[in-house]
Structure formats: structure tokens, C-alpha cells
Amino acid sequence: MRECLITTKGLTREEIVEVLDYAAKIEKNPSSYYGNQSGKIIGLLFYEPSTRTRMSFETAIKRLGGDTISMGSVEMSSVAKGESLADTIRVVAGYADAIVLRHPKEGAAKMASGFIDIPLINAGDGAGQHPTQTLLDLYTIRKSAEKLDGLNIGVMGDLKYGRTVHSLSHAITKFDSRLNFISPEGLQLPDNVKYDLERSGSEVHQYTNLDEILSTLDILYVTRIQRERFPDEEEYRKVSGQYRINNKTLENAPKHLKIMHPLPRMDEISPEIDGSDHAIYIEQSHNGVAVRMALLDLMLKS
Ligand code: CP
């Protein structure tokens, strides 16, 4: 496994499958991995809010026998005094064996990795990428569909600012599955992501109406409109609430359709779906522990 994980762009199919296979082994028999990383410290630098990513990384390293140190909230750290990311990351690299970084600026993880010589994992850089979310998304898809090839996958919502979408799209190009992008006008996939996908040989199928494609889908990956990334509240209001999944929306959905969401959700999936066989988003978030245990164990092996 590579030393830093910044983006899914450069990941090979073999590297992805290695993590997923290892996570499956860990999920089957977690206790036999306890203690593998005894004494190791992970530095958590979260410049943006997080529940799942931060807590599942904490759980993962603690289950492996290691521990975490955390900068805590930005307001309670020296970032509030104006300390630069470069200085903070170099300091924490002296305390930890690896760093997990979430930052509001696209490109921050790549930039930060250049200042240190310990592994750095990108836990989300603005509207850029969220590669460990992708690994757990792929793990969830494979667990549910028993394959990653030959699937028809719909990705719906804020495709412009949704970093989980960007990471997942790049990773899916390593498999023989079709991606269908459903979004309101103005929140389509950014040109640079579309260009990269097409350059890697993928066709980019874009829709504004879920009904055009719903009956053919195996997986529907729904995302939140990323309110915090909009430069203008009025622009957000124009598109918010345009897509809502409820029982009525799913009337023509295939029985086997699985609905995923990186969470947190706002109102894009009605709670009435939660108890249905379609909903796998809570299980998806739980899969983050096994996948992050696998990733950390592979990256910290020395
Ligand atoms: N999916 C995800 O990144 O969730 P958090 O923002 O809670 O970490």
C-alpha cells in the first residue's frame, strides 16, 4: 500500500481490491487484528466538522491497539491564532506515526503531504476528494452486489461540490460498471472531473431527472447539497430540495436497488425509506471501521 492516500485518481484496481479483501477478513474476525498497531499514534487534524470519518478512524486505530491525538476544534487550537497548515502539520508529524487531515481547501492534503515524511490520509479536502469514503463505498457495494463489475450505478445530488462523488467516480473507472450522473442544472460534475473520467475511457451519462434512469439501476448513491461550499446562499436555495427520495419516488425502482449515502443527510432521503430493503446507508457508515482498520494496518506495516 502506498505511503499517503490523497486521491483515488492514481489508485489501481489491485490496490483497491487489496484493501477491500483485507477489510473483509478483518470484518470476519476482528479480534485477531487487535494489537497489530500497538503503540502507534494517529494525529487527527480536522479543520472541518466530521462525525463518521473522525470517529471511525479513532475506532479503527484503537481496535488495532493504537491511539489518537487530536487537534480538537479549530477554535481551541493554535489555528485560531493564525498558525499555518504547513507549521501545524510539521509539528504534529513529530508526535504521530500518521496523520488524517480534513481541510476546507481543495488541494490541502496534497500540499500538506509535501511537508512531512509520515503517511498522510486525506479525510476530505474541500470539494476535492474523500478517498477513504470511496473505499468504504466500494466495500459496501461489493458486499451488497457481490461484485464491482457489470453494475449500473446512479450518482445523484450535488455533483459539483460533492467530494465523495469525485473520489467514487474516479475509482469506479477501474471497474467495468456504468456511471449515471443525476443532478440539477448548475450542480453537474465539474469539467475537470468529467474530462478525467472520459480520458480514462469512461462514458459520462448525465441526467436531470431520476425517472429517466431509475428502473435500470442497481445502486443509487445519493448526496447532500453541500450548502457550505456555495458562494451565495441564494444559489443554494435555488437547488436545495430538488431531489427527494421517498416511497413514491421508488415506486418504479427495481426490487434489488440499493440506496447509499455518505451521510450526513438533510432531506434528500426520507426517513420512511430507512426500514426498507433498499436502504444500506447506515450499514455503509459502519463499514468505515473495517475499511479504515485495513487501510491503517496496511499503511503502518513496517
Ligand atoms: N461521510 C462523511 O465524511 O461523514 P462525516 O462528515 O461525518 O465525517
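Values below: every heavy atom of this structure, side chains too, minus hydrogens, waters and symmetry copies. Read the numbers this way: they start at 1 and go in the same order the structure lists the ligands and their atoms.
- Residue-to-ligand polar distances keep Pro264 apart from ligand 1: every N/O pair is separated by 3.5 Å or more.
- For Arg292 and Phe57, the positive end sits near the middle of the six-membered ring, less than 6.0 Å away and at most 45° from its axis.
- Every residue meeting the salt bridge (Lys or Arg N to Asp or Glu O under 4.0 Å) condition with Glu283, not counting sequence neighbours, appears here in chain and number order: Lys143.
- Closest protein heavy atom to atom 4 (O) of ligand 1: Arg52 NE, 3.0 Å.
- Under the 4.5 Å side-chain heavy-atom criterion for Ile, Leu, Val, Met, Phe, Trp and Tyr, Leu138 and Ile6 are members of distinct hydrophobic clusters.
- Residue Arg102 places a heavy atom less than 4.0 Å from ligand 1.
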Distance-only donor-acceptor pairs under 3.5 Å for side chains of residues 191-201, two or more places apart:
from: Asp196; atom 1: OD2; to: Lys9; atom 2: NZ; distance (Å): 3.0
from: Ser200; atom 1: OG; to: Asp196; atom 2: O; distance (Å): 3.4
from: Ser200; atom 1: OG; to: Leu197; atom 2: O; distance (Å): 2.8

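- Counted within 6.0 Å of CZ on Arg63, heavy atoms from surrounding residues, nucleotides or ligands total 12 or fewer; the atom is thus considered open.
- Counting atoms of ligand 1 from 1 in the listed order, those under 4.0 Å from a heavy atom of Thr53 are 2 (C), 3 (O), 4 (O), 5 (P), 8 (O).
- Atom numbering of ligand 1 starts at 1 in the shown order; those under 4.0 Å from a heavy atom of Leu263 are 1 (N), 2 (C), 4 (O).
- Close approach of ligand 1 to Thr51 is summarised as follows: ligand atoms under 4.0 Å from at least one heavy atom of the residue are 5 (P), 7 (O), 8 (O).
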